[in-house]
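So the structure is just underneath, and the comments pick up after that.
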Amino acid sequence: MSMQIDTNKLAMFRNVNFGSADSIVNIGDNKKSLVKNNELGSIFSRLGRSDEERAQNNAARTELLRALGSAFGLEGMTVSNGTVKFSQEFIKKLENILGRDVLKTGDFKINSDGTVTSGRPLTQRRINAILNKAVLFNPGQYNYDDYKAKLDYVQKRIDALPANSKNVDVGVLKQRFQTVGTMMNFVKKELPDLIDNIEYYPEADRDEDFPPFVVRKIDKNGVPEKPVQLKSLTGINDYVRTRNDGVPFHLQENIKGNTMASLAKLDNPKEEITNYYKNAIESYITLALDLFIECEKLGKLDKFFNVFCSPKICLEAKTDALTTFKLDELSKDGPVALYDRDQPLDQCMGKKIEQMLKRNPKLLDAGEFTAEIAAAMKKEFVGQIHPISTVDESVTTETKFTTKDAEGNKVVRKVTAADIDRIGQAVIDSILIG
């Protein structure tokens with residue numbers, strides 16, 4: 001199985017470009033940036049390496065291993081008197097994730113004390129090969145650059161499919177991933193400023209009976225239209241649909257949980273509406289691209305195509321279908337990450353329990369969070385990064401969860417066994433009530 005990756009931890013090594021793939025890369029004096037030190041094959045490198053050069057090369061390789069370990073949350077790194085050391089288990093785990101052909105851990109020569117001792121230079125070509133493999137083939141938190149690289153990869157793989165493929169309508173498949181690209185551009189370029197304070201737009205007509213916000217629309221040619229006051233969820237939802245290749249959203253049904261919402265029921269329309277679309281779209285994008293890549297590796301693309309190209313209409317239904325597929329198909333190969341950092345823990349647990357119910361319909365006959373269920377939840381989710389759910393004690397009519405602390409801040413971190421034990425019975429109760 002792929003590992004979750006936090007590409008922010010790889011920032012220093014991303015998009016290295018010193019003009020040549022053979023550039024030798026070292027760590028700058030500030031320890032926070034990379035510098036070029038000659039090129040592989042130059043007369044300087046052929047004459048042999050000084051102790052200083054070997055130390056510089058080892059420092060670069062050490063920092064790359066450290067960054068990769070941090071990005072994947074691997075154990076086995078220690079620091080003693082300023083020296084970073086790696087266990088053999090750490091190296092084996094990293095090899096399994098990235099592949100020995102890409103990582104080439106033999107080039108690092110980990111000494112018996114855990115330090116890097118090879119002295120060999122680290123080139124721009126090798127850094128980019130390692131990071132491309134890390135980013136492309138492991139699910140992570142959504143950001144445009146990483147997932148644009150994944151989209152480019154997926155579209156190239158689709159272009160290589162025969163047009164008369166028996167397993168999928170290639171035209172439909174291409175169109176679906178074109179829509180993924182459309183959504184990525186919408187989230188990046190249009191969504192952040194889609195709703196704005198009306199006070200900045202004197203040309204907009206204003207009705208005091210509605211919130212003081214405008215919707216900033218653009219026409220099909222990309223030309224800005226006159227801002228219009230935000231007056232209904234239906235109106236903005238219809239517009240967002242047109243900007244995302246006609247894919248509908250169930251904004252009113254989902255923005256306030258299971259309660260049908262209206263504009264008047266929102267505390268902060270600008271923030272709540274923007275966040276809803278952002279989370280909904282990014283969840284779909286990450287699932288679509290990561291599942292294609294994972295299923296290609298596991299030989300399950302035909303099953304993925306079946307779900308991805310199914311006639312689900314709204315974005316929420318498309319995302320739910322992909323999530324269910326991920327649980328049904330990929331959790332057999334190991335733990336899976338649901339929506340990465342966007343999916344609250346209670347929802348993840350609920351999905352997993354529903355999957356278990358398909359295999360054992362009597363699982364919830366006792367209505368209890370049994371040891372069997374608890375063990376499955378911990379195997380699946382401990383160590384993954386999610387919004388951490390707690391029971392909202394202010395709700396008395398049915399089980400509700402919140403992912404905010406007492407100060408109203410959203411809690412996102414690695415899941416612990418205690419988190420699962422704390423809400424386990426409440427998750428069971430919410431399934432039985434539902």
Side-chain angles (χ1 to χ4, degrees), residues 1-2 139 142 147 150-187 237-238 240-254 258 276-333 336-340 342-343 347-348 350-359 361 434:
M1 273 303 285
S2 298
Y142 179 83
Y147 279 84
K150 293 186 182 191
L151 178 62
D152 291 343
Y153 170 83
V154 168
Q155 289 180 322
K156 287 178 183 177
R157 301 298 295 156
I158 294 172
D159 287 342
L161 293 173
N164 59 347
S165 175
K166 296 179 181 180
N167 301 319
V168 64
D169 185 325
V170 177
V172 171
L173 188 62
K174 286 183 177 181
Q175 186 275 323
R176 293 291 173 92
F177 276 107
Q178 286 172 359
T179 294
V180 169
T182 298
M183 291 178 171
M184 290 175 65
N185 289 328
F186 173 78
V187 170
N237 207 45
D238 289 345
V240 170
R241 175 176 180 168
T242 66
R243 300 299 300 160
N244 288 276
D245 292 349
V247 176
F249 297 76
H250 285 303
L251 175 68
Q252 290 168 281
E253 294 88 341
N254 294 292
N258 295 324
Y276 179 81
Y277 287 126
K278 183 177 186 294
N279 291 334
I281 294 172
E282 289 180 0
S283 294
Y284 176 70
I285 292 169
T286 55
L287 277 168
L289 293 171
D290 286 334
L291 279 173
F292 181 102
I293 293 170
E294 186 70 11
C295 287
E296 181 182 47
K297 183 167 61 176
L298 297 174
K300 296 184 177 184
L301 272 180
D302 289 352
K303 292 183 177 180
F304 168 74
F305 292 156
N306 222 21
V307 175
F308 185 65
C309 295
S310 66
K312 300 289 184 182
I313 299 176
C314 69
L315 187 74
E316 293 84 357
K318 292 176 186 292
T319 302
D320 190 63
L322 291 176
T323 304
T324 300
F325 168 80
K326 189 171 186 177
L327 276 170
D328 288 345
E329 289 296 329
L330 302 193
S331 64
K332 300 172 186 176
D333 303 291
V336 300
L338 293 174
Y339 296 11
D340 190 47
D342 292 327
Q343 186 78 348
Q347 295 180 21
C348 295
K351 285 287 185 183
K352 180 63 179 176
I353 292 169
E354 288 174 3
Q355 177 204 29
M356 295 172 68
L357 277 169
K358 291 179 181 179
R359 300 172 184 172

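When reading the values below, keep in mind they use all heavy atoms of this one structure, side chains included, and skip hydrogens, waters and symmetry mates.
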Considering non-hydrogen atoms only, spot the tightest contact between [X] and [Y] and give its length.
X	Y	answer
His250	Cys314	CD2-SG, 3.3 Å
Val180	Ala288	CG2-CB, 4.3 Å
Ala280	Leu315	O-CD2, 3.6 Å
Asn254	Tyr276	CB-OH, 3.3 Å
Tyr284	Lys318	CE1-CB, 3.7 Å
Phe304	Leu291	CE1-CB, 3.6 Å

Using side-chain heavy atoms (C-beta onward) and a distance below 4.5 Å, is [X] in contact with [Y]?
X	Y	answer
Asn237	Gln252	no
Ser310	Phe325	no
Val307	Glu329	no
Ile293	Lys297	no

Could you grab the distance from atom [atom1] of [X] to atom [atom2] of [Y], nearest 0.5 Å is fine?
X	Y	atom1	atom2	value
Ile353	Leu327	CD1	CG	11.0 Å
Asp169	Lys174	CG	NZ	10.5 Å
Gln155	Gln178	CD	CD	7.0 Å
Leu330	Lys303	CG	NZ	10.0 Å
Lys326	Lys351	NZ	NZ	12.5 Å
Asp245	Arg176	CG	CZ	11.0 Å

May I ask you to check whether Phe292 and Tyr153 place their ring centers less than 6.0 Å from one another?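 No; Tyr153 has its ring centre 6.0 Å or more from that of Phe292.
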
Test side chain to side chain contact (heavy atoms under 4.5 Å, CB included) on Val168 and Cys309; report intermediate values, then the result. CA-CA 8 Å; Val168 64; Cys309 295; 4.1 Å; yes

Does Leu357, at its CG atom, have more than 12 non-hydrogen atoms belonging to other residues, nucleotides or ligands within less than 6.0 Å?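 For Leu357, atom CG is crowded (more than 12 foreign heavy atoms under 6.0 Å).
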
Examine distances only and state if a side-chain atom of Arg241 and a backbone atom of Val247 form a donor-acceptor pair shorter than 3.5 Å.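 Here the side-chain-to-backbone pair does not exist.
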
Polar side-chain atom of Arg243 near backbone of Phe186 as donor-acceptor pair, under 3.5 Å: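 It does not hold such a pair.
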
May I ask you to check whether Asp290 and Tyr142 show a side-chain donor-acceptor distance below 3.5 Å?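 Absent: no donor and acceptor within the cut-off.
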
Glu282 versus Thr286, side-chain donor and acceptor atoms under 3.5 Å: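 No.
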
Side chain to side chain contact (heavy atoms under 4.5 Å, CB included) for Leu161 and Arg157? Distances and angles first, verdict last. CA-CA 7 Å; Leu161 293 173; Arg157 301 298 295 156; over 6 Å; no

Could you point out which residue of Asn185, Thr179, Ile281 forms a side-chain contact (heavy atoms from CB on, under 4.5 Å) with Asn244?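 It is Ile281, the one option of Asn185, Thr179, Ile281 that forms the side-chain contact (heavy atoms from CB on, under 4.5 Å) with Asn244.
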
Under the rule for side chain to side chain contact (heavy atoms under 4.5 Å, CB included), what residues qualify as partners of Lys358, not counting sequence neighbours?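 Checked Lys358 against side chain to side chain contact (heavy atoms under 4.5 Å, CB included); matches are Thr324, Asp328.
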
With sequence neighbours excluded, what pairs up with Asn167 under the side chain to side chain contact (heavy atoms under 4.5 Å, CB included) test?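 Partners of Asn167 by the side chain to side chain contact (heavy atoms under 4.5 Å, CB included) criterion, ordered by chain and then number, come out as Ser165, Asp302.
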
Can you list every pair that meets salt bridge (Lys or Arg N to Asp or Glu O under 4.0 Å) and has a residue in residues 305-315, with sequence neighbours left out?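 Checked against salt bridge (Lys or Arg N to Asp or Glu O under 4.0 Å) - neighbours excluded - no pair reaches residues 305-315.
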
For Phe308 and Phe177, what are the C-alpha separation, side-chain angles and deciding distance, and is it a ring-ring contact (aromatic ring centres under 6.0 Å, His included)? CA-CA 10 Å; Phe308 185 65; Phe177 276 107; 4.5 Å; yes

